[in-house]
Amino acid sequence: MSRPVSRVLTLLELLQSGGLRTVAELADRLGVGERTVRRYVDHLVDLDVPVESVRGRHGGYRLAPGHRMPPLMLTDDEALAVLLGLVAGRRTGITAAAGTAGETAAAKVRRVLPERLRHRLDAVLDSLTFTTAPAGSAAPEAAVLLPVADAVRRHRPVAIRYTGGRAGRGERTLYPYGLVAHAGRWYVTGRDLSAGAERTFRLDRISGARVLPGTFEPPPGPGPAERVLTALATAPYRHEVTVRVRGTAEELRALLPGSVAIVSAEGDGGETARTAGTGVPPTVGAGAPGEAEGIGAPGGAVGIGAPGEADGIGAPGEAAGAPGQADGPGAPGKAAGIGAPGEADGTGGEPWCRVEIRAERLDWLPGVLASLDRPFVVERPDELRGLVADLAGRLMAAARHTPQDG
């Protein structure tokens with residue numbers, strides 16, 4: 001390809017990336033003079049490419065809004081990024097398209113690629129394997145995602161038809177604060193005008209969304225992601241667990257995902273400074289009647305109640321059996337000292353934090369506590385103390401066992 005033609009195509013790629021490009025910027029990117037840039041633009045106009053000229057001090061060139069450029073032109077890196085993104089989106093369940101939209105999109109991209117590049121990308125996709133199983137399909141419908149996103153961006157109320165776990169199907173009016181993708185699911189968080197409180201809803205349970213007239217002002221404070229994580233962590237479950245752990249709130253939040261635990265830093269004099277694991281007060285959108293329809297029903301919130309699903313920390317025995325863990329919280333003296341004097345009084349220089357967890361089952365928690373490798377005290381429930389003691393005994397027995405030769 002001759003250099004002028006190559007530069008004209010490069011100019012087209014720059015304009016396709018969006019926004020207004022000054023003549024000086026384009027000349028610098030193409031390595032030519034400003035007069036040459038104008039000549040290249042004339043070439044594109046001759047080819048019926050709608051390049052708009054913007055006059056003035058900060059003027060330049062841009063493509064007309066809404067223009068679609070056939071054929072699709074991608075570099076090797078761009079084509080690989082697009083196809084891998086589509087594959088990863090399907091695997092994680094985060095692709096915001098129902099049915100086979102991801103597959104048909106990938107097929108269209110591959111169809112317009114040069115044969116040389118298509119074969120190379122096929123080699124990558126055919127040889128690629130994943131260490132995790134495909135996530136279940138929880139992708140929202142485009143007819144739901146797009147209007148909700150529009151309402152979030154323009155601060156407009158939105159009416160949704162929602163199918164909940166307990167309250168059945170009904171229509172809600174919501175002031176949406178933001179969209180959040182978490183653990184293979186999409187959520188919208190905001191103020192539910194029907195309930196007069198903040199709520200979090202799964203988008204895959206919304207069957208219709210309609211933007212309403214009017215505007216609202218989002219409240220100050222935590223962002224949408226923090227609100228969703230706190231709502232997930234405080235959803236009603238069978239067991240309410242409270243554990244005091246030695247360490248700073250920042251350290252423990254790095255070890256315990258915000259969707260699993262609420263971490264509260266303890267202040268001086270034994271008082272607790274309420275700073276939730278994600279920075280949100282634990283009353284936000286959590287625990288209220290009917291909340292289970294959004295995220296609180298068993299299985300409704302990924303990674304809270306099931307062993308091994310709490311972002312990789314909840315699998316029974318995953319942390320407990322690792323080398324070097326036997327001398328951690330589960331070792332002799334630690335398990336027995338869960339309620340021992342001195343462990344809970346905060347002495348020793350390091351701060352203590354209160355960790356609150358809600359779970360359907362308790363059997364995965366001893367392994368999580370052992371993996372922290374920090375002194376801890378179980379405040380409730382009593383059943384968890386017994387499970388921790390059992391784990392400590394099994395670890396000690398395994399540590400003392402000497403393999404027989406042969």
Side-chain angles (χ1 to χ4, degrees), residues 18-20 50 52 54 62-68 89 94-99 101 105 137-182 184-232 234-235 278-281 283-297 300-301:
L20 181 67
E52 293 183 341
V54 180
R62 66 187 177 194
L63 286 183
H67 178 68
R68 302 176 65 181
I94 206 63
T95 299
S137 177
E141 297 285 344
V144 170
L145 177 61
L146 296 181
V148 172
D150 182 59
V152 170
R153 183 176 185 179
R154 296 195 291 160
H155 301 163
R156 302 279 297 274
V158 61
I160 61 174
R161 290 194 302 273
Y162 192 76
T163 303
R166 295 180 182 177
R169 178 176 299 180
E171 184 158 320
R172 313 288 185 89
T173 300
L174 182 69
Y175 283 169
Y177 301 157
L179 290 168
V180 178
H182 171 72
R185 288 188 170 95
W186 289 76
Y187 299 89
V188 58
T189 182
R191 184 168 185 81
D192 182 356
L193 301 186
S194 307
E198 293 186 0
R199 291 289 187 268
T200 295
F201 299 96
R202 280 173 46 178
L203 260 66
D204 60 303
R205 292 182 174 176
I206 298 176
S207 57
R210 176 170 47 90
V211 180
L212 301 176
T215 60
F216 69 92
E217 188 65 28
E226 295 175 344
R227 294 177 185 273
V228 168
L229 289 177
T230 295
L232 291 173
T234 56
T278 56
V280 188
T283 56
V284 173
E291 191 59 29
E293 67 191 67
I295 56 176

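Quick caveat: nothing in here was measured; it's all calculated off a predicted structure.
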**Q** For residues Pro224 and Tyr177, report the shortest heavy-atom separation together with the two atoms involved.
**A** CG-O, 3.7 Å
**Q** Are Leu193 and Tyr175 packed together at the side-chain level, in the sense that at least one heavy-atom pair is separated by less than 4.5 angstrom?
**A** yes
**Q** Do Leu145 and Trp186 touch side chain to side chain, with heavy atoms closer than 4.5 Å?
**A** yes
**Q** Using the ring of each side chain (for Trp, its six-membered ring), is Phe216 parallel, tilted or perpendicular to His155, with breaks at 30° and 60°?
**A**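 Plane angle between 30° and 60°, so tilted.
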**Q** Looking at every heavy atom in both Pro213 and Pro157, which two are closest together, and how far apart are they?
**A**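 Nearest pair, atom of Pro213 first, then Pro157: O-CG, 3.4 Å.
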**Q** Considering all heavy atoms of both residues, which atom of Arg156 and which atom of Thr215 are nearest to each other, and what is their separation?
**A**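 Closest heavy-atom pair between Arg156 and Thr215: CD-CG2, 3.9 Å.
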**Q** Give me the one residue out of Val152, Val228, Leu179 that meets side chain to side chain contact (heavy atoms under 4.5 Å, CB included) with Thr189.
**A**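 When side chain to side chain contact (heavy atoms under 4.5 Å, CB included) is applied between Thr189 and each of Val152, Val228, Leu179, only Val228 qualifies.
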**Q** Which heavy atom in Tyr187 sits nearest to a heavy atom in Leu203, and how many Å separate them?
**A** C-CD1, 3.6 Å
**Q** Contact between Thr200 and Val180 at the side-chain level, heavy atoms closer than 4.5 Å - yes or no?
**A**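 When only atoms from C-beta onward are counted, Val180 and Thr200 do not touch, as no gap falls below 4.5 Å.
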**Q** Run Val158 and Thr173 through side-chain contact (heavy atoms from CB on, under 4.5 Å) and show every step you take.
**A** CA-CA 6 Å; Val158 61; Thr173 300; over 6 Å; no
**Q** Which atoms form the tightest heavy-atom contact between Leu174 and Asp192, and what is the distance?
**A**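 Looking at all heavy atoms of both residues, the shortest contact is CD1-N, 3.8 Å.
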**Q** Does any non-hydrogen side-chain atom of Arg154 lie less than 4.5 Å from one of Val211?
**A** yes
**Q** Calculate, to the nearest 0.5 Å, the distance between atoms CD1 and CZ belonging to Ile160 and Arg210 respectively.
**A** 11.5 Å
**Q** Using a strict threshold of under 4.0 Å (side-chain N to carboxylate O), is an ion pair present between Glu198 and Arg191?
**A** no
**Q** Walk me through whether Glu171 and Arg161 qualify under salt bridge (charged side-chain N to carboxylate O under 4.0 Å, His left out).
**A** CA-CA 4 Å; Glu171 184 158 320; Arg161 290 194 302 273; 5.1 Å; no
**Q** Taking the side chain as every heavy atom from C-beta outward, state whether Tyr162 and Ser207 have any pair of such atoms under 4.5 Å apart.
**A** no
**Q** Where do Ala209 and Val144 come nearest, in terms of heavy atoms and distance?
**A**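 Where Ala209 meets Val144 most closely, the heavy atoms are CB-O, 4.1 Å.
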